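In what follows, a structure is listed as structure tokens, so that the remarks can point back to it.
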Amino acid sequence: MEKEIETRVVMISPDSTVTPERVRILASELDLDITIKETCFGALIEGAKDEVREAIDAIRKLDENGIFTKVRGFPIGDPRVCRATRSGGPRPGFHQLEAEYRLLPIIRKALDAQSDDKGSIQWRREAKLSAKRLSEIIASSN
Amino acid sequence: MKVLIYPPNSLILADLVERRGHEAIVLMKEVAKKVRDPELDSPPMNITEEDLKRSLKYLSVEEPSGVRGRVGLMIPLLDDAEAAIIVEDPDPSFGCMACDVANDYIEYMIRSKGIPTLIVPYPYTEDAAKVMVQNVTDFLRSLRS
Amino acid sequence: MEDKTRIAQISCGTEYSGVQAKLNEVADRSGIKLIYPEVELEDVADAVSEFGYLAKSPGLNLMIARAKSVVEDPSVTDGIFLLTCFKCAEGSIVKNEVRKYLQQKTDLPVVTYSTVDQVKEGGLMIRFEALKTLVTRKTLLMRTRQEGITMGVDSGSSTTKCVIMKENEIVGTGWVPTTDVIQSARKVMDLALKEAGMKEENIEAVAVTGYGRHTIGDEIKADLVQEELTVNSKGAAYLADRQRGEATVLDIGGMDNKALTLNNAIPDDFTMGGVCAGASGRFLEITARRLGVDISELGKLALQGESRSIQMDSYCSIFGIQSLVSALGEGSSKEDVAAAACRSVAEQVHEQQLQEIDLREPIIEVGGTALIEGLKAAFEEILGFDIIVPPYPQFAGAVGGALIVSAFVK
């Protein structure tokens, strides 16, 4: 059976001291049969699933709570999602990644703060002001 | 355990699940299967005719094609899921799917499947991020036992 | 491939409807390169707030932002193709408002479409062709006055028409049912020349449109061969004297029906139906025959009748005629039957076609059926709009051709 090929996005939190270049160099020195492409957010890594995972484990160690990763649907350089062949306009999904990239620093803080001993934190979405309360406020302001 | 995340292509959620040693069921894996399938002579960006047909088990043909396509694409993910994490009221740009009607329906499908499901807030603030991360960790630990 | 026309695709749902590959393929065959206007994430919120419509679906907000980026720099594209999913309420609202916004703020041609999963290639092809025409023949289409002596030939699926114009006046017409495409064209040309008292060498330029346009264009060495969407729009707007502003053109043909929406005489959307004879001029023809009157009399007869006095249980032409025949047998008047037939066609066109596009006033009715007064009255009652039937409605395509091609007159 052919090995399952996987492409992964590696994203480095903007507040990390790790650079995309460092990730690329580290991954290339691992002696794995993988393709690495440096990106502005981090890197893309492609190869047999096991080897990609091995590389990811090594890369994460550079900054455990500041490096994030997920599977990517399209292979590296696929023309269907390439900015150049789509004539302007970023590839689908680019904006979403950009938005998540900006959240990484607060996710890092949360990862730093979390502990296995703590249980879940109770939360609820802020309720809207009731009409009754609003009329009370109006009445009291007169 | 196989944990479905929603929005289904979120980097942060997928990463949090994998950090805890679970498998994240994400949309990208479904897309990856299609774009590498040599049987499809013109691989679509995201969906095939099969996805559209599959959605007819849940939706009427009256629904707009984009809604059916999105739902059809999610069905195999949902079938695989043993647990789910949903981000409530996410920012539209967060690992999003662009159709509000499809989003609402898919969320309903997840909630009504009867698997352990965690709802977390969107990390609009640091406190919300803490709730998100802590509760995901706690939820994933509880799945193991 | 630098000579390809650049068309900006501004859409929601095409990839998830499984039609993007088809769009790319048909665009490519039509000599069009689809492009996707650049938008930054932070621009989306600003664009939406400036536009004033916050959609629930992020995909639609992205559409708004893309439209705004084109308005800010229209040089990125030659035209715009707007798409949302068919039957998506929010999508249809956004598409229509974005269309108006783009038409107000830019000179770019806009064509719209509603995506279904089994997208019809013909519908896409004619839109891309129209976009291509609108871009490459922009100056031709800006013409509002006919000059010199020109001829327009419209080779339709059921009839062939010819018009000769001289200095903004129609001086000759010809009309025959289409049999052999070339012979029919020759015949109408002769008829029109005879009426105008001219010879072929007097004609300074010829345009051909309609489904037989390529065959005839080659045969008579026409100066201009152009698809019917743009030509009919131009002809209808010209005849109705509505070359500025918005309008809808309604063309109930012998076999198929078209409804086109116009902005400054330029089409931006259309719907075409024609699978059922019950919704076409053919049904009215059969009715006239059963009533023993000429088709030209049917309309006047209908105006004197009361359509609602006859129960029509089916829109199908076969069953519909049966209803009418049995009504006659039960003592209904010819007038009532004629009125019921007109109403039946109008209702069916309304229910099956007109709800697919956004109707804009005024409605200009063209095609041979526009001469049937009862049909116009039935549409007016159903739609609640006044309908303009211009002079020479059956020659709208030919007139459009003669008008546009006068740009070739030296």
Side-chain angles (χ1 to χ4, degrees), chain B residues 6-11 27-28 30-31 34-35 37 40-56 59-75 77 87 89-107 122 124, chain C residues 9-26 28-29 34 36 39-49 53-66 83-95 113-120 355-356:
Chain B
Y6 202 79
N9 49 355
S10 160
L11 168 95
L27 190 60
M28 291 74 69
E30 206 51 36
V31 172
K34 291 182 207 301
V35 299
D37 187 349
L40 299 169
D41 52 354
S42 167
M45 295 296 289
N46 280 312
I47 73 147
T48 64
E49 214 170 297
E50 285 310 307
D51 296 315
L52 283 158
K53 277 190 204 149
R54 199 186 296 127
S55 70
L56 292 176
L59 296 170
S60 102
V61 283
E62 288 288 301
E63 294 303 330
S65 49
V67 176
R68 279 187 286 125
R70 290 167 201 275
V71 168
L73 194 58
M74 283 300 295
I75 291 171
L77 277 65
V87 175
D89 189 28
D91 184 89
S93 55
F94 175 78
C96 82
M97 288 172 80
C99 172
D100 196 56
V101 175
N103 289 350
D104 284 349
Y105 186 67
I106 293 163
E107 211 177 297
Y122 179 81
Y124 283 110
Chain C
Q9 180 186 325
I10 300 183
S11 60
C12 178
T14 54
E15 282 166 6
Y16 289 90
S17 298
V19 301
Q20 189 58 50
K22 189 87 193 164
L23 289 179
N24 294 343
E25 181 202 321
V26 178
D28 192 55
R29 260 190 284 141
L34 291 176
Y36 308 89
V39 172
E40 295 299 328
L41 184 62
E42 55 257 42
D43 298 343
V44 177
D46 289 348
V48 166
S49 105
Y53 189 100
L54 174 63
K56 295 277 178 293
S57 291
L60 294 171
N61 290 327
L62 188 60
M63 265 182 88
I64 294 169
R66 285 217 155 112
L83 304 96
T84 54
C85 294
F86 182 48
K87 287 181 181 165
C88 171
E90 195 183 30
S92 147
I93 289 170
V94 171
K95 179 172 63 183
Y113 191 56
S114 295
T115 315
V116 289
D117 47 354
Q118 297 294 332
V119 57
K120 290 194 191 88
Q355 295 180 14
E356 289 174 23

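If you're wondering where the values come from, they're calculated on a predicted model, not measured in any experiment. Letters go in sequence order (proteins before strands), and every chain restarts at 1.
By the side chain to side chain donor-acceptor pair (under 3.5 Å) test, C/Ser114 is found to be paired with C/Lys95, residues two or more places apart in sequence or in another chain being considered.
Here the closest non-hydrogen pair linking B/Leu73 and C/Tyr16 is CD2-CE2, 3.8 Å. Among all heavy-atom pairs drawn from B/Val101 and C/Ser57, the shortest one is N-OG, 4.3 Å. Across B/Pro64 and C/Cys85, no two heavy atoms sit closer than the pair CB-CB, 3.6 Å.
Taking CD of B/Glu63 as the start and CZ of C/Phe86 as the end, the distance is 13.0 Å to the nearest 0.5 Å. One distance of note links CG of C/Asn61 with CG of B/Asp100; it measures 9.5 Å at 0.5 Å rounding.
Neither the backbone nor the side chain of C/Glu25 comes within contact range of chain B; no heavy atom of the residue lies under 4.5 Å from a heavy atom of that chain.
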